[in-house]
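Encoded as structure tokens, the structure appears first; notes follow it.
Heavy atoms only: backbone and side chains are in, while hydrogens, waters and symmetry mates are out.
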Amino acid sequence: MVIAIVVLLMLLSIGLFGLLLAGAKRQAATVFDHSFGFGMVIGAVTDFLDTLGIGSFVVSTAIFQASHYLKDERQLPGTLNTMHAIPTAFEAFFFVTAVTVEPVTLISLVLAATLGALLGSEVMTKLNQRWVQLIMAVALIITALLMAAKLLGWISLLGVANQATGLSGWKLLIGIGGNFILGLLMSAGVGLYAPCMVMVYFLGLTPIAAFPIMMLSCALLMPISTVNFIRHDRVDYRGLFGIILGGIIGVVIAATLVKSLSLTALSWLIVLVSCWTAFSLWRAAQRRKNAL
């Protein structure tokens, strides 16, 4: 099964790259534009942190807000999912073989998240800029709260005594429904890692089983959900290919060179950055409302 998953991830990544080239051509964007170098820095930093378990959406959104990188914030969810899809597949290459999860549980939860993201991406492409700003602000607050709970050790306590590597019966149905909802939220900018971890802990899975479920869910749902974002031109191609290349480099460095690194202080800093970015987006949404 592992070989089949790796092949599928490779095919999805190649297919997504082809769609991005076609989308860039349609918008008259170039692969090596003037933002390529800055994009590489963004990708390297954010996906390096993502590989270490911190996440990439919060940092990416904060950088975009601080640098006014996006001209149209309606493109924020689509750009986030698109820029991190291929690097996330590389993360899965490194880690999916390390942990065993029962195939029925793994496949059903991953497919549920993918279907949820596909539906969610279709909804997000129909929202105006103010609603996207409001949704992203709420998403960042939720992410910050979950990161804080993880740093305080509250999430880990849920799975201390868990031993199961698979779900069945009503627990499997709850897991499928829960991951479907998390896939929906992923397309809106809510990171899947922390809430998925909470869910599988509550359902009785061993803590280590959360990792292949989380990584494969993201690795599969991101390239599939981005089809809608690309089709509706909700992707900013400026520096995008540099972000993807830098992201792959960041994943490789984090997965191969970093063995032990204290990230507690950095994680708390990102929690604060998340709150600040959420406030900025909320304030921008309120200004847009007052201007109407």
Can you list the steps and then say if L9 with L216 is a side-chain contact (heavy atoms from CB on, under 4.5 Å)? CA-CA 9 Å; L9 290 175; L216 268 182; 4.2 Å; yes
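- Every side-chain hydrogen bond (donor to acceptor under 3.5 Å, both in side chains) that S121 has, sequence neighbours left out, goes to N228.
- Note that CG of L184 is 10.0 Å distant from CG of L118, once rounded to the nearest 0.5 Å.
- Looking only at side-chain heavy atoms (C-beta outward), S56 and F48 stay at 4.5 Å or farther from each other.
- Closest heavy-atom contact between T88 and C218: CG2-CB, 3.8 Å.
- Contact between M199 and G178 at its shortest, heavy atoms only, is SD-CA, 3.6 Å.
- Here the CD1 atom belonging to I248 is positioned 11.0 Å from the CD atom belonging to E91, to the nearest 0.5 angstrom.
- Linking Ile, Leu, Val, Met, Phe, Trp and Tyr whenever their side-chain heavy atoms come within less than 4.5 Å leaves V123 and F57 in two separate clusters.
- The shortest distance between side-chain heavy atoms of M222 and T82 does not fall below 4.5 Å.
- In this structure, T61 and F64 have side chains that are not in contact, with every pair of non-hydrogen atoms separated by 4.5 Å or more.
- Residues M83 and S60 form a side-chain contact, since some pair of their non-hydrogen atoms from C-beta on lies under 4.5 Å apart.
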With side-chain contact (heavy atoms from CB on, under 4.5 Å) as the test, would you mind laying out the steps for T79 and R234 before giving the verdict? CA-CA 7 Å; T79 304; R234 288 296 184 98; over 6 Å; no
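- Take N179 and apply the side-chain hydrogen bond (donor to acceptor under 3.5 Å, both in side chains) test, not counting sequence neighbours, and it matches S217.
- Scanning all heavy atoms of the two residues, the minimum distance from N81 to S225 falls at OD1-OG, 4.2 Å.
- Counting only N and O atoms by type, the side chains of H84 and D50 include no donor and acceptor under 3.5 Å apart.
- Relative orientation of the F32 and F36 rings is tilted, given thresholds of 30° and 60° on the angle between their planes.
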Between S13 and F90, does a side-chain contact (heavy atoms from CB on, under 4.5 Å) hold up when you go through it step by step? CA-CA 9 Å; S13 297; F90 273 78; 5.6 Å; no
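- Smallest separation of non-hydrogen atoms from I243 and I42: CG1-CB, 4.4 Å.
- Clustering ILVMFWY residues whenever any of their side-chain heavy atoms sit less than 4.5 angstrom apart, transitively, puts L21 in the very cluster that holds L240.
- Taking CH2 from W170 and CG from L172, the interatomic distance works out to 11.5 Å, rounded to the nearest 0.5 Å.
- Rounding to the nearest 0.5 Å places CG of D47 at 11.0 Å from CG of L245.
- Among all heavy-atom pairs drawn from P223 and A85, the shortest one is N-CB, 3.9 Å.
- I230 is listed as a side-chain neighbour of L16, based on a closest heavy-atom distance under 4.5 Å.
- Cluster membership check: L221 does not share its hydrophobic cluster with I14, using side-chain heavy-atom separations under 4.5 Å among Ile, Leu, Val, Met, Phe, Trp and Tyr.
- Hydrophobic clustering of Ile, Leu, Val, Met, Phe, Trp and Tyr side chains at less than 4.5 Å, counting indirect connections, keeps L173 apart from Y201.
- Note that the CG atom of D233 and the CZ atom of R74 stand 10.5 Å from one another [nearest 0.5 Å].
- When every heavy atom of L20 is checked against every heavy atom of Y237, the shortest pair comes out as O-CE2, 3.5 Å.
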Determine whether L205 and I213 satisfy the following criterion, side-chain contact (heavy atoms from CB on, under 4.5 Å), listing intermediate values before the conclusion. CA-CA 11 Å; L205 286 177; I213 293 173; 3.8 Å; yes
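- Residues F180 and L119 form a side-chain contact, since some pair of their non-hydrogen atoms from C-beta on lies under 4.5 Å apart.
- Using a 4.5 Å heavy-atom cutoff, the side chains of I63 and T46 are in contact.
- Distance CZ/F229 to CG/D236: 14.0 Å, rounded to 0.5 Å.
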